[in-house]
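These numbers come from a predicted model, not from an experiment.
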Amino acid sequence: MAAGAGIGIGVAGVGVNESLHRGKVWEKWIRGRRDGETDDLHVVIADTTTQSPYVTERFEDADVFTRSEERTPVVTEETKATLQDHYDGLEYGVIVSTTDAIQIREGGTVSREAFNDVQIFDEATAIVARGHFRLL
């Protein structure tokens with residue numbers, strides 16, 4: 001994938017098979033794996049109309065977030081343990097949307113720490129290299 005307009009293709013440290021994305025966090029999600037199936041547990045997406053995040057999916061089997069935390073999820077050790085009681089594996093993901101004239105959304109799985117470090121509409125920089133997404 002080519003770097004978006006205005007990103008700067010000549011950025012030091014970004015190779016030919018890598019693309020750099022600067023923009024706002026567009027989506028955050030948590031997925032759980034159980035019995036070979038993957039479930040979306042919690043998905044928060046930017047609503048550009050109201051300029052606020054909204055929740056599209058929610059984990060109902062355990063009370064992981066209070067209503068005030070739903071839109072700004074941070075997975076603590078306690079929350080992680082609660083989710084692990086119900087799922088064999090967890091994935092955390094983020095999607096960054098560039099703010100250039102040509103909007104590009106790029107995302108993927110991230111560590112729990114990276115997931116916790118950003119919220120919807122936060123400015124973020126990500127690199128995609130060899131099919132792997134990473135927040136910088």
Query raised in the report: Hey, any chance W29 and L83 share a hydrophobic cluster, counting ILVMFWY side chains that come within less than 4.5 Å of each other, even indirectly?
Result: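 Cluster IDs for W29 and L83 differ.
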
Query - Same apolar cluster: V74 and V25, side chain cutoff 4.5 Å - result: no

Query raised in the report: Just wondering, do T48 and W26 contact through their side chains at under 4.5 Å, heavy atoms?
Result: yes

Requested in this report: Report yes if the side chains of K24 and S97 come closer than 4.5 Å at any heavy-atom pair, otherwise no.
Outcome: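 They are not in side-chain contact.
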
Rounded to the nearest 0.5 Å, what separation is found between the [atom1] atom of [X] and the [atom2] atom of [Y]?
X	Y	atom1	atom2	answer
H42	I30	NE2	CD1	6.0 Å
H21	I95	NE2	CD1	12.0 Å
L90	R33	CG	CZ	7.5 Å
T72	F121	OG1	CZ	13.0 Å
T82	Y87	OG1	OH	13.0 Å
H132	T109	NE2	OG1	8.5 Å

Shortest non-hydrogen contact from [X] to [Y]?
X	Y	result
D47	T49	OD1-N, 2.9 Å
F133	A126	CE1-CB, 3.4 Å
V55	V44	CG2-CG2, 4.3 Å
V118	K28	O-NZ, 2.7 Å

Report task. Under the side chain to side chain contact (heavy atoms under 4.5 Å, CB included) rule, what do L136 and L20 come out as? Steps first, then yes or no, please. Result -> CA-CA 10 Å; L136 300 178; L20 188 68; 3.7 Å; yes

State whether the side chain of [X] and the backbone N or O of [Y] hold a donor-acceptor pair below 3.5 Å, judged by distance alone.
X	Y	result
R112	V75	yes
Q119	P73	yes
R71	S52	no
D39	L41	no

Query - Residues T79, T76; criterion side-chain hydrogen bond (donor to acceptor under 3.5 Å, both in side chains); working and verdict - result: CA-CA 5 Å; T79 302; T76 63; 3.0 Å; yes

**Report entry** Check against side chain to side chain contact (heavy atoms under 4.5 Å, CB included), V96 and L135
**Finding:** CA-CA 9 Å; V96 174; L135 289 176; 4.0 Å; yes

Requested in this report: Taking atom CD of Q51 as the centre, report whether more than 12 heavy atoms of other residues, nucleotides or ligands fall under 6.0 Å from it.
Outcome: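 Enclosed: over 12 neighbouring heavy atoms sit under 6.0 Å from CD of Q51.
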
Query - Residues, nucleotides or ligands: over 12 heavy atoms within 6.0 Å of E78 CD - result: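 Atom CD in E78 is not packed in, count stays at 12 or less.
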
